[in-house]
2 protein chains.
Amino acid sequence: MSKTPTRTSGHPVSAKRRATSRAARASDPKVVSAELPLIKLNRAERAAERRQAIIDAAMEEFISRGFAATRLDDIAKRAGVAKGTIYLHFKDKESMFEELIRTAIVPLVARMQGPPPASGTVRDLVEAFALNFIKEIATTRRGDIVRLIVAEGPRFPAIADFYYREVVSKGLAGMRAMIELGIARGEIRNANLAKFPQILVAPAMIAVIWQSLFAKHAPLDAVEMFRTHLDLIFGERRTA
Amino acid sequence: MSKTPTRTSGHPVSAKRRATSRAARASDPKVVSAELPLIKLNRAERAAERRQAIIDAAMEEFISRGFAATRLDDIAKRAGVAKGTIYLHFKDKESMFEELIRTAIVPLVARMQGPPPASGTVRDLVEAFALNFIKEIATTRRGDIVRLIVAEGPRFPAIADFYYREVVSKGLAGMRAMIELGIARGEIRNANLAKFPQILVAPAMIAVIWQSLFAKHAPLDAVEMFRTHLDLIFGERRTA
DNA sequence: TGACGATGACTGACTAGTCAGTCATAAATT
DNA sequence: AATTTATGACTGACTAGTCAGTCATCGTCA
C-alpha cells in the first residue's frame with residue numbers, strides 16, 4: 001500500500017532540463033538526416049523532420065512488437081520527441097498504425113516498378129523483377145512490413161483492403177500480363193498458370209516469411225530458390 | 001463493467017449448467033431441476049472438461065485477436081469459468097499461449113500423416129498429401145493457427161523453434177524424400193528441386209494466408225492452383 | 001445407508017500496475 | 001508580446017494475476 005498511488009509514471013530521469021531534449025538533438029548524431037550546416041530549419045522543415053523520425057521509430061516498434069504490444073512511450077523515446085508530439089501528427093495509435101502501413105507500401109511498390117522492362121525474354125523480365133523483390137524486400141527490414149500486414153491484417157480490415165487493392169491485385173495483374181506474354185511467345189508451356197499468378201510469386205513470399213521466422217535455424221538462398229522455381233515454369237536453364 | 005455480478009454463462013461454447021451454482025441458488029433454487037441430462041461427472045472428469053473449454057476458448061480468442069490483445073477475462077467468459085480457474089491450469093498468459101500452440105500442432109501434424117503412402121506415381125502421392133493439407137488445414141480454422149504462428153513467431157522464439165523442429169524440418173524432409181523419389185523414377189525433371197522443397201509447398205502456404213486475408217476480396221481455388229503447380233513440376237497432366 | 005467433516009476445485013473482488021490520450025505550461029518563433 | 005509548437009506529468013480506463021472464502025464432492029464412520 002505504501003507503494004506509489006501518487007506519481008505513478010515516474011520516469012527516473014526526470015531532471016528538470018527540458019532544454020536537454022533539444023540540445024541533445026542538436027549534438028546527438030542520431031537518426032536525423034545529415035543536415036550538414038545544421039543551420040536554421042524553418043518550422044515546416046523541422047516538423048517534417050520530426051514527423052519522419054516518429055514514423056521511422058513507430059515502424060521499428062510496430063514491426064518488432066506488433067500493434068497491441070507497442071507502447072507510444074517507446075516510439076516517442078526512440079524518435080527523440082515527447083509523447084504529446086506524436087499527437088500533433090497523428091490522431092491516435094490506431095490511425096497512426098494504418099497511415100504508417102499505407103505510406104510504407106508506396107515506396108515498397110515504387111521500388112518494384114523501378115527497373116523498366118528490359119528487353120529480353122519474358123523469363124529475364126520475371127527474373128529481374130523477382131530478384132529485385134528479393135534484394136529490396138525479402139531480405140531486408142521491409143520484408144517485415146509484409147509480415148506485419150499478414151499478422152495484423154485480419155484485425156485491421158482497412159489495411160487488408162488497402163493492401164489488396166493497392167498491392168496484391170495490381171501485382172497479380174502485372175504478373176498475369178507477364179505470364180500471358182510468356183505464353184504468347186511460347187516460353188511458358190502451361191497456359192493455366194495465367195489463372196494463378198500467385199504461383200509465380202509464392203516462393204518469394206515464402207522467402208519473406210522464412211527469413212523472419214527460420215533464418216537462424218536454416219538460412220535460405222532465396223535467389224537460387226527462385227531461379228529453380230523459374231526453371232519449373234520456363235524449362236531448365238542453361239546453367240552457369 | 002459495473003453490471004456483471006450475474007455471471008451470464010450463456011455463451012456459445014459448451015457452457016455446462018453447473019455454472020448456475022451460486023447465483024441460481026441465491027435467487028431461484030427450484031428452477032435448476034429443469035432439463036439437462038446432466039450426466040454425473042466426477043471431479044477429474046469435470047476438471048478435464050473445463051480445461052478443454054478453456055483451451056478452446058483461448059484458441060479462439062488468440063486466433064482472432066493475437067496474443068497481446070487477448071484478455072484473459074474474455075477467455076474466461078467464453079469458457080464459462082472464472083478467471084481464477086484459468087490459473088489452476090496454466091501458469092500465466094504467456095505459457096498458456098505457448099502450450100496452446102504446442103498442443104495445437106500435434107493434431108495438425110497427425111492429420112497430415114493420416115493417409116499412408118498409397119501406391120501410385122509420386123505425383124499421386126504428393127497430390128494426395130497436398131489436397132489433404134488444403135482440405136484439412138488451409139481452408140479451415142486450423143489454418144489460422146499457422147497464421148498465428150507466423151504472426152507471433154518472432155516474438156515467441158520458443159514457439160518458432162518448436163514449430164521449426166516439429167513441423168517445418170520434418171515436413172521438408174518428407175517433401176525432399178518424395179522429390180528424390182520422383183527424380184529417381186524420372187517423374188521429376190529438375191533435380192535442383194530437391195534442394196528447395198519449399199517450392200513444392202509454397203502455393204499451399206500461400207493459400208493459407210490468402211484465405212485469412214483476401215478470401216472476401218477474391219476467393220482462391222486452392223486445389224486447382226495446386227494442381228497447376230504440380231503440372232509445372234511433373235509436366236502437363238492429361239486434363240479433365 | 002445416511003450423516004458429517006475434510007478436501008480442493010472454483011469463484012470474483014481486489015491489488016498492483018500499465019498505457020493511451022490530455023492539457024497546463026514552457027519554449028520557440030513571428 | 002502574441003502565437004505557434006513541444007513537452008511530460010497526469011488521469012482514467014483497463015488488465016494480469018492473487019487469494020480468502022464458498023460449496024459440491026468424497027471418504028469415513030455410525
If you check every side-chain atom of A:Ala82, which of D:dT7, C:dT11, C:dA20 has the closest atom?
D:dT7
Donor-acceptor under 3.5 Å (A:Thr85 side chain, A:Val81 main chain)
no
Can you say whether the rings of A:Tyr164 and B:Phe214 are parallel (under 30°), tilted (30 to 60°) or perpendicular (over 60°)?
tilted
To check you understand the geometry: which heavy-atom pair defines the closest contact between A:Ala104 and A:Met59, and what is its length?
CB-SD, 4.3 Å
Spacing of B:Arg102 atom CZ and B:Ile159 atom CD1 [to the nearest 0.5 Å]
7.0 Å
Rounded interatomic separation in angstrom, taking CG from A:Asp74 and C1' from C:dT18
12 Å
Rounded to the nearest Å, what distance is computed from the CZ atom of residue B:Arg65 to the P atom of nucleotide D:dC14?
14 Å
Hey, can you tell me if B:His229 and A:His229 have their rings parallel, tilted or perpendicular (30° and 60° cut-offs)?
tilted
Exercise: identify the closest heavy-atom pair between B:Pro203 and A:Ala202
N-CB, 4.1 Å
Between P of C:dG21 and NE2 of A:His89, the distance in whole Å
16 Å
Residue-level proximity of residues 92-101 of chain B to DNA chain D when a heavy atom falls under 4.0 Å:
B:Asp92, B:Lys93
Using 30° and 60° as the class limits, which term best fits the ring planes of B:Phe62 and B:Phe97: parallel, tilted or perpendicular?
perpendicular
Out of C:dT11, D:dA6, C:dA20, which nucleotide sits closest to the side chain of B:Val81?
C:dT11
A:Arg71 has an atom CZ; how far is it from atom P of C:dG17, in whole Å?
16 Å
Does B:Arg51 count as lying over the ring of B:Phe90, i.e. NZ or CZ under 6.0 Å from the six-ring centre, within 45 degrees of the axis?
yes
Could you list the protein-to-nucleotides 6-9 of chain C atom pairs, N/O on both sides, closer than 3.5 Å?
unit_1, atom_1, unit_2, atom_2, d
C:dT7, O2, B:Arg43, NH2, 3.1

Minimal heavy-atom distance between B:Val150 and A:Leu213, with the atoms involved, is CA-CD1, 3.9 Å
Angle between the two end axes of the helix from C:dT1-D:dA30 to C:dT30-D:dA1, five base pairs per end, rounded to 10 degrees?
0°
Figure out the CG/C1' separation between B:Leu72 and C:dC14, and round it to whole Å.
16 Å
Distance, rounded to the nearest Å, where B:Ile75 contributes CD1 and D:dA16 contributes C1':
11 Å
Taking CD from B:Glu61 and P from D:dA16, how many angstroms apart are they, rounded to a whole number?
11 Å
Please confirm whether the backbone N or O of A:Lys77 pairs with a side-chain atom of A:Lys83, one donor and one acceptor, at under 3.5 Å?
no
Starting from P on D:dT5, measure out to CZ on A:Arg51 and report it in whole angstrom.
14 Å
